[in-house]
Amino acid sequence: MSSNKNVDLLVGAQWGDEGKGKVVDMLGSEVDVFVRFQGGANAGHTVISEGQKVVFHLLPSGMLYPGKLCVLGNGLVIDPEQFLAETSELFNKGQDRARLAVSPHAHVVMPYHKMLDKLQEEARGKGRKIGTTGRGIGPCYVDKYSRSGLRVEDLLNPDVLRDRLTYILEEKNQLFTKLYNQKPLPFDEIYEPAKKWGEALAPYVADTRALLRKAVDDGQHILLEGAQAALLDIDHGTYPYVTSSSTSAAGAFTGTGLAPNDLTRVIAVVKAYTTRVGEGPFPTEDFEEAGEILRKNGGEYGATTGRPRRCGWLDIPALKYSMELNGATVIALTKLDVLTNMGGIKVCTAYELDGEKITSWPTDTRVLSELKPVYEILPGWNEDITNCKTFEELPANAQAYVKYIEQMLNTPVFLIGVGADRNQTIVR
Ligand code: GDP
Ligand code: IMO
Ligand code: MG
């Protein structure tokens with residue numbers, strides 16, 4: 001085993017949309033291989049470079065760098081229509097897509113998964129719905145684990161596809177007709193496009209585990225790009241208000257076939273305040289004017305669904321939990337510029353429940369919904385920081401905020417976002 005490994009894992013530390021895409025893109029010039037390992041087109045990772053904005057849903061955010069290897073690992077659920085739309089869009093912009101490798105073991109999001117996602121949400125009704133992205137993620141992972149899924153490799157062989165789909169569709173049609181009062185899906189309406197997707201995907205399919213193994217052992221710089229974030233993790237998040245994959249560090253291994261001792265660094269992406277989209281507990285959500293200002297100044301509208309994101313303050317117990325789960329070695333702190341002109345900056349350091357003080361993240365989702373945050377208020381700043389290039393150029397109170405976070409989370413902040421553009425980043 002080589003000792004010159006250079007493998008970064010980048011994960012979201014809150015409820016998603018921390019700015020992972022921007023950080024991946026910003027680090028990209030030094031990276032050889034970009035990898036997505038879980039989730040699917042529920043992600044929306046925004047990259048803005050030289051005024052050009054691209055939102056990646058399935059493809060790694062390093063796709064704008066020509067000539068580098070981009071990998072979709074086995075842990076993903078791939079919507080072929082989305083995949084083809086994203087690759088064509090890049091191709092039309094003159095980007096090369098030759099060095100894109102897709103695992104044959106990734107699961108395929110089929111039209112019936114997207115239909116089920118919507119029907120299940122409707123059936124859950126008010127107060128129970130999760131607020132999913134409607135991208136078929138949950139139903140596709142359910143099929144994976146119940147061993148009724150279609151993998152990318154199944155699309156490549158029409159006979160295998162026909163055989164598996166015949167059985168799967170019979171089962172799905174029972175659900176559609178008997179439980180959801182819908183019309184059955186005709187076999188050919190699913191089979192024929194799926195066969196074509198297989199033909200279109202075929203040139204990209206490769207043994208991604210072996211490719212990555214070799215790249216790691218050759219000392220190439222690998223960047224594993226997590227989607228969603230720790231608090232949306234299927235096991236460790238605010239269940240049931242979570243996504244259906246392992247979004248924290250552990251998912252990187254099952255989702256690629258790499259091993260835990262391959263990692264050299266874990267980058268936790270932390271937004272300088274907190275947002276959440278969809279339902280579920282969010283102790284530091286601000287329902288007053290500040291929440292609205294954060295939404296407006298931070299442009300907090302979903303990159304996938306366009307939904308307004310719920311906004312609030314930094315939550316230290318939540319972040320400590322997230323640092324532990326991920327084994328974070330460094331923090332990329334994003335959107336510090338959005339806090340400019342906010343007046344005092346609230347930071348939640350503990351919670352109160354029935355007159356008792358709680359300093360750690362409660363794992364019971366029902367408890368989380370009833371907590372009252374205890375805030376410390378740090379002094380803000382009014383200077384425009386969007387052109388700052390060094391830490392020392394930041395106003396003293398902005399510097400103090402960064403140092404406060406480092407101290408509370410016992411993890412160094414190595415990168416600070418002061419704007420959405422690739423260049424609006426301070427490296428320390
Ligand atoms: P991701 O899902 O974690 O990749 O994040 P999104 O792309 O969904 O949302 C982050 C949003 O914030 C995008 O619109 C980015 O362009 C933007 N963004 C990222 N970093 C910064 C930053 O440091 N400052 C500002 N103002 N915007 C940022
Ligand atoms: P990125 O990678 C923010 C949320 C949805 C919903 C829950 C389940 O851009 O940070 P799903 O469609 O996955 O079954 O929805 O998870 N969610 C995200 N929230 N950012 C994301 O991705 C998200 N992906 C899913 O809003 O609450
Ligand atoms: Mg996003």
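First listed ligand is number 1; within each ligand, the first listed atom is number 1. One is the number of the first residue; the rest follow in order along the sequence.
- Taking distance alone, with nitrogen or oxygen atoms compared against 3.5 Å, Leu336 stays at or beyond that limit from ligand 1.
- To the nearest 10 degrees, the Mg ion (ligand 3) sees OD1 of Asp17 and O of Gly44 at an angle of 170°.
- For Ala303, every N, O or S atom stays at 2.8 Å or more from the Mg ion (ligand 3).
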Apply side chain to side chain contact (heavy atoms under 4.5 Å, CB included) to Tyr65 and Ser29, showing your working.
CA-CA 7 Å; Tyr65 287 96; Ser29 62; 4.0 Å; yes
Got a list of side-chain donor-acceptor pairs under 3.5 Å for residues 337-344, not counting sequence neighbours?
unit_1 : atom_1 : unit_2 : atom_2 : d
Asp337 : OD1    : Gly419 : N      : 3.3
Thr340 : OG1    : Asp337 : O      : 3.0
Thr340 : OG1    : Trp381 : NE1    : 2.9

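- Within the structure, the closest approach of Arg309 to ligand 1 falls below 4.0 Å when heavy atoms are considered.
- Within 4.0 Å of ligand 2, protein heavy atoms belong to Trp15, Gly16, Asp17, Lys20, Asn42, Ala43, Gly44, His45, Ile130, Gly131, Thr132, Thr133, Ala227, Gln228, Leu232, Val242, Thr243, Val277, Gly278, Arg307, listed by chain and number.
- The closest side-chain donor-acceptor pair between His113 and Asp143 falls under 3.5 angstrom.
- Atoms of ligand 1 found under 4.0 Å from any heavy atom of Val418, numbered from 1 in the order shown, are 23 (O).
- Those atoms of ligand 1 that come under 4.0 Å of a heavy atom in His45, given as number and element, are 1 (P), 2 (O), 4 (O), 7 (O).
- For ligand 1, the polar-atom distance check against Asp337 finds a nitrogen or oxygen pair separated by under 3.5 Å.
- With respect to atom 6 (P) of ligand 1, the closest heavy atom belonging to the protein is Gly44 O, 3.5 Å.
- The side chain to side chain contact (heavy atoms under 4.5 Å, CB included) test with Lys320 singles out one residue from Leu409, Leu325, Thr411, and that residue is Leu409.
- A heavy-atom separation below 4.0 Å is not found between Gly16 and ligand 1.
- Of all atoms in ligand 1, numbered sequentially from 1 with element shown, those under 4.0 Å from a heavy atom of Gly417 are 23 (O).
- With Thr284 contributing its side chain and Trp313 its backbone, the two residues share a donor-acceptor pair below 3.5 Å.
- In summary, the side chains of Thr305 and Arg307 do present a donor paired with an acceptor at a separation below 3.5 Å, with no hydrogens or angles considered.
- Under a 4.0 Å criterion applied to the non-hydrogen atoms of Ile48, ligand 1 contributes the atoms 16 (O).
- Under the rule for a side chain to side chain contact (heavy atoms under 4.5 Å, CB included), Lys118 has no partner lying at least two apart in sequence or in another chain.
- Residue Thr334 places no N or O, backbone or side chain, under 3.5 Å from any N or O of ligand 1.
- Side-chain atoms of Glu170 and Gln174 include no donor-acceptor pair closer than 3.5 Å.
- Counting only N and O atoms by type, the side chains of Thr247 and Gln228 include no donor and acceptor under 3.5 Å apart.
- Looking at Thr132 and Asp117, their side chains do bring a donor and an acceptor atom within 3.5 Å of each other.
- Atoms of ligand 1 found under 4.0 Å from any heavy atom of Thr46, numbered from 1 in the order shown, are 4 (O), 6 (P), 7 (O), 13 (C), 14 (O), 15 (C), 16 (O).
- A donor-acceptor contact under 3.5 angstrom links the side chains of Thr390 and Glu393, judged on distance only.
- Checked by distance only, ligand 1 and Gly419 come closer than 3.5 Å through their nitrogen or oxygen atoms.
- Contacts classified as salt bridge (charged side-chain N to carboxylate O under 4.0 Å, His left out) and involving residues 395-414 (residues at least two apart or in different chains) are given here: Glu406-Arg428.
- No side-chain donor from either of Asp17 and Thr275 sits under 3.5 Å from a side-chain acceptor of the other.
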